Amino acid sequence: GTGLFADLTPGTGGSRPNGFVTAGNRVFFRAFVNNLEVGLFVTDGTVAGTHAVLDLPGSLSADILDMVAVGNNLYFVADDRVRGRELWISDGTAAGTRLVIDLDQGPGDGVLAGTLAVLGTTGLVGFAGHDGGDGLQLWASDGTAAGTQQLGRIGAVAGAGAATIHSLRLAGTKLFFVADDGVLGEELWVFDFGAPNAALAQNYGSSNCPGTANRTPHIAAFGLPVIGNGGFAVDVDSAMPNSIAVLFVSFAPSAFVLDGCRVLLGLPVTSLSSAFTDPTGFARTPFPIPANPALQGFQVFGQYLVLDPAGPLFGDFTLSDGLRMRLGN
């Protein structure tokens, strides 16, 4: 029951089929035909149903990469020698094999090879890429140009991006990945998809900014930032007892070093009212959420500054970790 299935390069030359990926009831693969040209092929298990869906004349195998399946479709990274390495999709037909988006307009590579990953049952693929404006960032796509979006922002300043992003893995609604933001080195990061309009509060980053008795303040949400939640607040604990704590907020995260401490908020920042820590180092700052449906999906990032005579920041302060807040229902 074992025999030649299809001689894609008739004669003594081999087509070297490789990279097999199952999508629905078909198998996609790469093969070399016409000397060194490489094509994307598909088969339905019959010789008649085995054919090329994309041919890249005069190119090498490295020009079709990162093949992953979502349902009946194949996502892959390809370089057509015009637009650099970009995201493509195929439904198994030549007419249905197309470029999703030219992320980095022109011949530059928009997708970092080796990072394309299926994001569980979301119907999305994730990858590391850049659009030529904000450096290397995390992206997700549903196979359309409009549905290809940057997920948050990595980098100390706008346009800096990450030095590296790799190892994308989805667990529940959380996408974990490894990234080097140029400040903290390679560390574990997370992006929480959650429900599209769900309120979210999660910690991120490390201030590396301990004070008295090696205490580093910790920030936490009191409740969830639900639209209309007038009782929402932001707490700090493990801070200097009987001291002053100020919550700072901004509209973007960051990670730049100041006096050895990590500032996790992007500029500009705004300070809220001061709070006084109790004998245990705890304080709470009210942060009422307006009853305005237009604020759904709006993101705010927070970090506490605490007065501490042993703090390294300006010789008088410590910093907490960061808190990402997404307003929702």
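This one's a predicted model, so the numbers in the text were calculated from it and none came from an experiment.
- Cation-pi geometry between R324 and F191 is met: the NZ or CZ atom falls under 6.0 Å from the ring centre, inside 45° of the normal.
- Counting heavy atoms from C-beta on, the side chains of Q296 and N329 come closer than 4.5 Å.
- In this structure, the separation between CG on L264 and OG on S250 is 9.5 Å, given to the nearest 0.5 Å.
- In this structure, T43 contributes its side chain and V27 its backbone to no donor-acceptor pair below 3.5 Å.
- For the atom pair H130 NE2 and L112 CG, the distance stands at 7.5 Å (nearest 0.5 Å).
- A donor-acceptor contact under 3.5 angstrom links the side chains of D321 and N203, judged on distance only.
- Listed here is the closest heavy atom pair of A140 and L151: CB-CD1, 3.9 Å.
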Begin with the C-alpha distance, continue with both residues' side-chain angles, and end with the deciding distance and a verdict on side chain to side chain contact (heavy atoms under 4.5 Å, CB included) for V47 and F5. CA-CA 7 Å; V47 176; F5 176 69; 4.2 Å; yes
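- Residues V42 and T50 have side chains not in contact (no heavy-atom distance under 4.5 Å, counting atoms from C-beta outward).
- Remark: T285 OG1 to L272 CG distance equals 6.5 Å, nearest 0.5 Å.
- Within the 4.5 Å cutoff, the side chain of F287 has heavy atoms near those of the V300 side chain.
- Side-chain contact between D79 and E86: absent, with no pair of heavy atoms (C-beta onward) separated by less than 4.5 Å.
- R83 places no side-chain N or O within donor-acceptor distance of the main-chain N or O of I101, the cut-off being under 3.5 Å.
- Between Q150 and Q137, the closest heavy-atom pair is NE2-CG, 3.5 Å.
- Classified by interplanar angle (parallel below 30°, tilted 30° to 60°, perpendicular above 60°), the ring pair Y204/F301 is perpendicular.
- A side-chain donor-acceptor contact under 3.5 Å links D278 to the backbone of T280.
- Cluster annotation: F317 and V246 are assigned to the same hydrophobic cluster (Ile/Leu/Val/Met/Phe/Trp/Tyr, side-chain heavy-atom contacts under 4.5 Å, transitive).
- Of all the heavy atoms in V236 and A245, the pair that sits closest is CG1-CB, 4.1 Å.
- In this structure, the side chains of F76 and T97 come closer than 4.5 Å at one or more pairs of heavy atoms.
- Looking at R215, its side chain does come within 3.5 Å of a backbone N or O of A239 through a donor-acceptor pair.
- I227 approaches L295 most closely through the heavy-atom pair CD1-CB, 3.8 Å.
- Proximity of a side-chain donor or acceptor of D109 to a complementary backbone N or O of V111 within less than 3.5 Å is not detected.
- Judged as a salt bridge (Lys or Arg N to Asp or Glu O under 4.0 Å), and not counting sequence neighbours, D104 has no contacts.
- For F222, the CZ atom sits in a loose shell: 12 or fewer heavy atoms of surrounding residues, nucleotides or ligands are nearer than 6.0 Å.
- Listed by chain and number, the residues in a salt bridge (Lys or Arg N to Asp or Glu O under 4.0 Å) with D235 are R284 (sequence neighbours excluded).
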Side chain to side chain contact (heavy atoms under 4.5 Å, CB included) between N72 and D91, intermediate numbers included: CA-CA 7 Å; N72 294 324; D91 64 359; over 6 Å; no
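- Using a 4.5 Å cut-off between side-chain heavy atoms of Ile, Leu, Val, Met, Phe, Trp and Tyr, with links allowed through other members, L65 and W139 fall into the same hydrophobic cluster.
- Residues G143 and I89 approach most closely at CA-CD1, 4.2 Å, considering heavy atoms.
- Cluster membership for I219 and I244, using ILVMFWY side-chain heavy atoms within less than 4.5 angstrom, is not shared.
- A donor-acceptor pair shorter than 3.5 Å can be found between the side chains of E186 and T164.
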Show, in sequence, the C-alpha distance, side-chain angles and deciding distance for V68 and V125, and conclude whether the side chain to side chain contact (heavy atoms under 4.5 Å, CB included) test is met. CA-CA 8 Å; V68 300; V125 292; 4.1 Å; yes
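- Between S90 and F28 there is a side-chain heavy-atom pair separated by less than 4.5 Å.
- Under the 3.5 Å distance criterion, the side-chain polar atoms of T148 are matched with a main-chain donor or acceptor of T144.
- One finds the OG1 atom of T121 at 7.5 Å from the CG atom of L170 (value rounded to the nearest 0.5 Å).
- Taking 4.5 Å as the limit, some side-chain heavy atom of L313 sits within range of a side-chain heavy atom of L258.
- For the 3.5 Å distance criterion, the side chains of S206 and N208 fail to qualify, holding no donor opposite an acceptor.
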Would you please test S141 and Y75 for side-chain hydrogen bond (donor to acceptor under 3.5 Å, both in side chains) and show each step? CA-CA 10 Å; S141 178; Y75 288 82; 5.5 Å; no
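- Between F176 and L188, the closest side-chain pair of non-hydrogen atoms falls below 4.5 Å.
- Side-chain contact, T9 with S15: no donor N or O sits under 3.5 Å from an acceptor N or O.
- In this structure, D308 contributes its side chain and T212 its backbone to a donor-acceptor pair below 3.5 Å.
- In terms of heavy atoms, T216 sits closest to L319 at CG2-O, 3.9 Å.
- Within 6.0 Å of the CZ atom in F251, the count of heavy atoms belonging to other residues, nucleotides or ligands does not exceed 12.
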Hey, mind stepping through V234 and M325 against side chain to side chain contact (heavy atoms under 4.5 Å, CB included) and telling me if it holds? CA-CA 10 Å; V234 180; M325 296 164 279; 4.0 Å; yes
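- Without hydrogens or angle criteria, R30 side chain to F41 main chain gives no donor-acceptor distance under 3.5 Å.
- Between the side chains of Y304 and T318, no donor-acceptor pair of N or O atoms lies under 3.5 Å.
- Cluster membership for L119 and F177, using ILVMFWY side-chain heavy atoms within less than 4.5 angstrom, is shared.
- In this structure a side-chain-to-backbone donor-acceptor pair under 3.5 Å is present from Q303 to S320.
- Hydrophobic clustering of Ile, Leu, Val, Met, Phe, Trp and Tyr side chains at less than 4.5 Å, counting indirect connections, unites L247 with F232.
- Here the CG-CD1 distance, from L327 to I289, works out to 4.5 Å after rounding to the nearest 0.5 Å.
- Between the CZ atom of R16 and the CG atom of L8 there is a distance of 13.0 Å, given to the nearest 0.5 Å.
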